[in-house]
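We're numbering straight along the sequence, starting at 1. Values in this document were obtained by computation on a predicted structure and should not be read as measured data.
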Amino acid sequence: MSSLLSPPKVVLLAANFATKSDIDSLTALALRYDKVLQKELLLRILLTCLPETTEADQYVPLLQLLESEEFESHDPQEVDTASIEDFTDAEILKKVRKLRLRPLNSPDVPAAAEDDLLSQFIIARAHRVDEEAGLLTKLPDLIVPFLDHSNCIRTWMISAFLPLLRRNYEYYADAPIPQTLSEFEQLNDRAAVSLLLDQTGAGEDLSNVGRDLRGLIGPWLYSESRWKHEKGVTSNDGQHAQSKSCPGWEQMLEWLITQAARSWKVAVKTIEQWDGPSDVDLGGLGSMWFQDEEQGYLESRYARAALAAAYLVPEASIEALSGVNTIITKVTGLLGEDPTPTLQVASSLLSPLSEIANESIISAKNATFMRNDLLEESNVLTAPNELSTQVLHALNLSAYILTKAGAPCSIRRAGELAFLQDEREQKSEALKFIGTLRDNAAKADDKYWIRARNELLWLRDWGAEELADSASSPTKTHGVFGQISKEYLEIECLKAFLASGRYSLARSIYEDSYEKILSENVLESTIVGAAMNAYDNASNPNRTRGGLLKCDDIVHEFPKTLPPNSPSARKIEALLKATHGLSTYRLALKQGEPFTPVVLRVHSDPVSIIGKVLEQNPKSYTKLQAFLEIGANMVEAGLLTPKASERLSTPVEDLPTQQSMVEKRVISMCIDAALTEDDFETAYSYVVNRLATSGTAPTSADEYSWKAALQAGKYRRTARTVRPTHIGTSSGNLDIRHLEQRIECLSTALRIAPPDTLQEILNVFRRCEEELDAAVKAEEQQESAWDDQGDVQAMPGAFSSTVPAGVVRHNNTRSTRQQEEAPMSLFDLSRATMARAQRNLPALSSLQRSEQHGAEHASEEDDSQRVRKRDQLREAAVGTLASGVGWLIGAQPVRPQDNE
């Protein structure tokens, strides 16, 4: 170079070298003309003209030279000026003016670099390279050599450049965010957190969740732009103390609790893998610290957010609750408290939670804090202290015990039970818990049930009963079952023992123990209730199987509480006998459904079930005694006692009366069944041997006996009628014998029927008597014809087969038999009856006048016809009408001495 260049030529030449990435020539020019190419001018030329694709290692030495400012130690070198020699000074000056060099202090440069030209250049150059060339991965070569130059560069690289570089090229290169470095820095806190963590926990692999918080959010927080100053509380001297807050950190905490509600596993893994603001990965770029106030703020807020996340875990599973326990363990570690045991260990120990035994934190007003204002300082449930962690541990352990047993319960549900203290809700969960224990206890032993009972009682008060000093100052119960009385839980536990067949365990705890956990009355009623529950759930009416066998076992397993002679034991035994008696028959009450024991116990008319048995089992009516025993057991079992709602309006009959009524009804059912199957002989036998011998006056309650007797009296022989197996002293004529039996049944009906039904029975009686009279006459005519034929034709030694004219044959034998055998009419029988009734009646009803008219007509017949062979029939009829007509017209029965 011949002579010194003018400043415009130096500037234009430097721009040309920079444009061509000729760093060596540019360096030589800068060394020779250091007075012209001062530091700011040279950096502006590089920032404006140096191509963004130029490798950083080419121009970093020049930047380091500018940083050291040791120009004197370098020998000036020749510079090639050929590129500007052909231009005049005016042209050069014009070209220099057109360079429009970029300023170093751009909006992208942090305020902390305001007085540092090199820091301004590096940050501005990084933005240019990213925007124009997209070579973000090449920038560490430019920035790292100058990390020690100023804290500004280090802080900017860690808080702005490093998070974006990791997010787009190291962690999630397949799903980069579209923002440039400059755009990323200008994002608000919410958007920045959302973009940095939009892929965190998105897949099934959650092993990198902590890495993302440690490597993205942790460094990002060190930017001063993340923080803002706020006025705090007024100090004693009246001054407002300044406090710092970090909106970016608050956004991260919002992301955390949102994950807890949407994808709780991500939240749990975040807290498990990341220790918070002190756990930061700076990528080996040095060390950075927050101020004590800032560090305390970040840690306190992180602990609060972790507790809040625990309350938002929605799932009711062992895995989710174990995750909540992980959160509790992390928070206690951050607070320097003793570590929380695992849920398995805690559920086996069931230690009393003394910290919350008498605290007012368990109240309905705090229930809303499980859903709202989770990160607010006023929220006592998420406050980072020992009390809040103990409350969360108690709720989590309660939910774990319920869920483990098969009654899923989330942490929030446990909180609602404890805070709202709704007794109905607590009982619902308690019964669900006990029910699942019973369902899972098929192969369980006594240890299982002892532990289950201990868990049930612990859920009521979280062990507070063990801490109570005396009964006079009981500790308030705060558990998830805190509003349920201990007696109620013990009763339900006893029911579960009995339902699961743990009889000896139940007896040892509730009957044999020195401490009477339940009163005798409560214990007895619970045992009886359990026995009845087993009965009601039985599907087989056989007492040696299934539910009935369990019912029988329960009653006999507690001899002290329920001795065999106790009323309850006798009733249950009678019920089992009645049910077992029905088990030998085919029985379906409706639509083909088989009979189950509970139907008998809840049936409004249990005796009617015997009628169903008779309908569905042919010839079963012959088992009368068995059915009478079933009916008697129904009465003794109390099945005929009116319901509780009817006791005030319904008279309660004594046991003998009920037994008598049921016996008559069962007999009547068997009579009807026998008639339905055309077995009149059996029906007749039941009428005369069972109903006729009852000896009781007709009552309004017995509406079955007289009807059965009447139905038997109405029965007419057909071809299907079962023939008698023996006749005895009865008539050999089956028709006459049948009519005589019908009259005897009607006589019984007259004797036991109520007054307002006598007319109907009398009408049937008269028609039957007429049929009998006609049958007897027909038989006599037939016998007479046979006798005449024998006298004339068949008698040995007869002289003639003809009878002389005018000779009348008198058959004394037939005449005598006519007098003995001819049936006495109803009106003949009524004469004596009416005479007896008139002694005690001032007047007779219209029915009486009608009967007297018939009697007067009948008196015209031969008095000798009153003498009959059928004395038994006559006595029955006379006795029946004497009482029957008296009932009909309202008279009192005639006493025997009145007839003398």
Pair S410, E315 - check side chain to side chain donor-acceptor pair (under 3.5 Å), show working. CA-CA 6 Å; S410 66; E315 188 172 311; over 6 Å; no
If you apply the rule side chain to side chain contact (heavy atoms under 4.5 Å, CB included), what do you find for Y311 with L392, and how did you get there? CA-CA 8 Å; Y311 282 104; L392 182 58; 3.8 Å; yes
Between R413 and E416, is the salt bridge (Lys or Arg N to Asp or Glu O under 4.0 Å) condition met? List the steps. CA-CA 5 Å; R413 176 58 174 164; E416 291 173 346; 3.7 Å; yes
Given R304 and E376, is the salt bridge (Lys or Arg N to Asp or Glu O under 4.0 Å) satisfied, shown in steps? CA-CA 9 Å; R304 182 180 289 274; E376 295 297 325; over 6 Å; no
Between F419 and L395, does a side chain to side chain contact (heavy atoms under 4.5 Å, CB included) hold up when you go through it step by step? CA-CA 10 Å; F419 291 125; L395 296 177; 4.0 Å; yes
Trace of the salt bridge (Lys or Arg N to Asp or Glu O under 4.0 Å) decision for D461 with K486: CA-CA 10 Å; D461 57 14; K486 184 179 179 182; over 6 Å; no
Any chance you could lay out the salt bridge (Lys or Arg N to Asp or Glu O under 4.0 Å) test for D605 and R665, step after step, and finish with the verdict? CA-CA 12 Å; D605 184 16; R665 185 177 177 186; 2.6 Å; yes
Pair I401-F433, side chain to side chain contact (heavy atoms under 4.5 Å, CB included): steps then yes or no: CA-CA 9 Å; I401 292 173; F433 170 65; 4.1 Å; yes
I'd like to know whether S519 forms a side chain to side chain donor-acceptor pair (under 3.5 Å) with N521, so could you lay out the CA-CA distance, the side-chain angles of the two residues, the decisive distance to 0.1 Å, and finally the verdict. CA-CA 6 Å; S519 65; N521 291 337; 5.7 Å; no
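Looking at K330 and D275, their side chains come closer than 4.5 Å, going by heavy atoms from C-beta outward. Counting only heavy atoms from C-beta outward, the side chains of M370 and L312 never approach each other to under 4.5 Å. Counting heavy atoms from C-beta outward, L381 and S388 have side chains that stay 4.5 Å or more apart. Looking at L614 and C670, their side chains come closer than 4.5 Å, going by heavy atoms from C-beta outward. Residues C551 and L576 have side chains in contact (heavy-atom distance under 4.5 Å, counting atoms from C-beta outward). Residues Q616 and F595 fail the side-chain proximity criterion, which asks for heavy atoms closer than 4.5 Å. Taking the side chain as every heavy atom from C-beta outward, I554 and V528 never approach each other to under 4.5 Å. For the pair F369 and T382, the minimum side-chain heavy-atom distance is 4.5 Å or more.
The line from OH of Y503 to NE2 of H556 is 12.5 Å long, rounded to the nearest 0.5 Å. Separation of atoms CD (E204) and NZ (K265) is listed at 9.0 Å; rounding is to 0.5 Å. Atom CZ in R438 sits 10.0 Å away from atom CG in L498 (nearest 0.5 Å). Here the straight-line distance linking atom CD of E557 with atom CD1 of I527 works out to 10.0 Å at 0.5 Å rounding. Taken to the nearest 0.5 Å, the CD atom of E636 stands 11.0 Å off from the CG atom of L575. Put simply, CG on L350 and CG on L459 are 8.0 Å apart, with the number rounded to the nearest 0.5 Å.
Comment: K427 does not engage E492 in a salt bridge, judged by the lack of any side-chain N to carboxylate O separation of less than 4.0 angstrom. Using a 4.0 Å cut-off between charged nitrogen and carboxylate oxygen, D445 and R502 do not count as a salt-bridge pair. Classification of K560 and E524 as a salt-bridged pair fails, no side-chain N sitting under 4.0 Å from a carboxylate O.
Side-chain contact of T326 with E272: a donor-acceptor pair under 3.5 Å is absent, judged by distance alone. If you check the side chains of N372 and T368, you find a donor sitting under 3.5 Å from an acceptor. A donor atom on one side chain and an acceptor atom on the other are found under 3.5 Å apart for W462 and S398. Counted by atom type alone, Y400 and S322 present zero donor-acceptor pairs between their side chains at under 3.5 Å. Using a 3.5 Å distance cut-off with no hydrogens or angles, the side chains of E337 and T389 do pair a donor with an acceptor.
Heavy atoms only, all atoms of each residue included: L640 and P606 are closest at CD1-CG, 4.0 Å. Shortest non-hydrogen contact noted between E511 and K516 is O-NZ, 3.1 Å. G406 and T436 make their closest contact through O-CG2, 3.3 Å (heavy atoms, listed as atom of the first residue, atom of the second, distance). For the pair A538 and L548, the tightest heavy-atom approach, listed with the atom from each and the gap, is CB-CD1, 3.4 Å. Between G201 and V266, the closest heavy-atom pair is O-CG2, 3.7 Å. Smallest separation of non-hydrogen atoms from T596 and S539: CG2-O, 4.1 Å.
At least one donor-acceptor pair under 3.5 Å links the side chain of T403 to the backbone N or O of C409. Using modelled atom types, one side-chain atom of T332 and one backbone atom of I328 make a donor-acceptor pair closer than 3.5 Å. The main-chain N or O of G482 is found under 3.5 Å from a side-chain atom of Q426 such that the two form a donor-acceptor pair.
Within a 6.0 Å sphere centred on CD of E520, other residues, nucleotides and ligands contribute 12 heavy atoms or fewer. More than 12 non-hydrogen atoms from other residues, nucleotides or ligands lie less than 6.0 angstrom from CZ of R570. For K404, the NZ atom counts as densely surrounded, since its 6.0 Å shell holds more than 12 non-hydrogen atoms of other residues, nucleotides or ligands.
A side chain to side chain contact (heavy atoms under 4.5 Å, CB included) with L321 holds for exactly one of L397, V313, L343; it is L343. Results of the side chain to side chain contact (heavy atoms under 4.5 Å, CB included) test with Y510 over T561, L523, L505, T526 single out L523 as the only residue that passes. Screening R453, E455, R460 for a side chain to side chain contact (heavy atoms under 4.5 Å, CB included) with L457, the sole residue that qualifies is R453.
F627 has its ring centre less than 6.0 Å from the ring centre of Y585.
Classified by interplanar angle (parallel below 30°, tilted 30° to 60°, perpendicular above 60°), the ring pair F497/W449 is perpendicular.
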